[in-house]
Amino acid sequence: NRMELIELKGGLVTKPEDVALMCLLEIRGMTFRVVDGTLRISGPNQQKPDLSEAEIAYIKARKVHLMALVAYEAAAAP
């Protein structure tokens, strides 16, 4: 079973599923931030996020990678 990875502009390497989950959650109105080394996810209007058990498990398992995506800024195009 081969793991697929993608490289974003600027060199960040991650799983496509990480990007897809964050996009899906953002479409559902959630926001992300890293506070004191902890990933914080807020629902619309800063409410508690409505996450499935599968989403919570994935977020816990990939927390470090998702925090890197939250902090990611694409390198300026040449």
Side-chain angles (χ1 to χ4, degrees):
N1 190 12
R2 192 172 150 233
M3 180 189 305
E4 289 201 29
L5 299 173
I6 57 173
E7 182 176 354
L8 302 177
K9 222 180 205 184
L12 180 64
V13 177
T14 192
K15 292 173 60 174
E17 294 88 353
D18 295 345
V19 176
L21 174 67
M22 295 200 64
C23 289
L24 176 66
L25 296 179
E26 190 170 82
I27 288 168
R28 289 172 27 201
M30 296 182 207
T31 57
F32 316 93
R33 64 191 203 291
V34 177
V35 179
D36 297 326
T38 301
L39 178 62
R40 301 283 184 200
I41 301 173
S42 299
N45 302 315
Q46 299 299 312
Q47 296 175 351
K48 183 177 177 180
D50 182 21
L51 300 168
S52 70
E53 288 185 28
E55 289 168 335
I56 292 168
Y58 187 88
I59 291 166
K60 286 181 180 179
R62 299 286 299 167
K63 178 177 70 169
V64 172
H65 305 279
L66 296 175
M67 286 192 302
L69 280 172
V70 170
Y72 171 73
E73 293 183 29

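Computed from a predicted model, the values in this text were never measured in an experiment.
Here the NE2 atom belonging to H65 is positioned 7.0 Å from the OG1 atom belonging to T14, to the nearest 0.5 angstrom. Once rounded to the nearest 0.5 Å, the distance linking CD1 of I6 with NZ of K15 reads 11.5 Å. Atom CZ of residue R40 and atom CE of residue M30 lie 16.0 Å apart, to the nearest 0.5 angstrom. For the atom pair CD1 of I59 and CG of L51, the computed distance is 5.0 Å after rounding to the nearest 0.5 Å.
A donor-acceptor pair under 3.5 Å is absent between the side-chain atoms of R28 and the main chain of P49, judged by distance alone.
The environment of CD in Q47 is crowded: more than 12 heavy-atom neighbours from other residues, nucleotides or ligands sit within 6.0 Å.
Closest of all the heavy-atom pairs between Y58 and E17 is OH-CB, 3.3 Å. Scanning both residues, V19 and L69, for their nearest heavy atoms gives N-CD1, 4.1 Å. Looking at every heavy atom in both residues, D18 comes nearest to R62 through OD2-NH2, 2.5 Å. Taking all atoms of both residues into account, the shortest heavy-atom contact from E55 to D50 is OE1-O, 4.2 Å.
M22 and L24 fall into different hydrophobic clusters, where Ile, Leu, Val, Met, Phe, Trp and Tyr side chains are chained together by heavy-atom contacts under 4.5 Å.
Looking at L25 and F32, their side chains come closer than 4.5 Å, going by heavy atoms from C-beta outward.
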Just do the side-chain contact (heavy atoms from CB on, under 4.5 Å) check on Q46 and T31 with the steps written out, would you?
CA-CA 8 Å; Q46 299 299 312; T31 57; 4.0 Å; yes
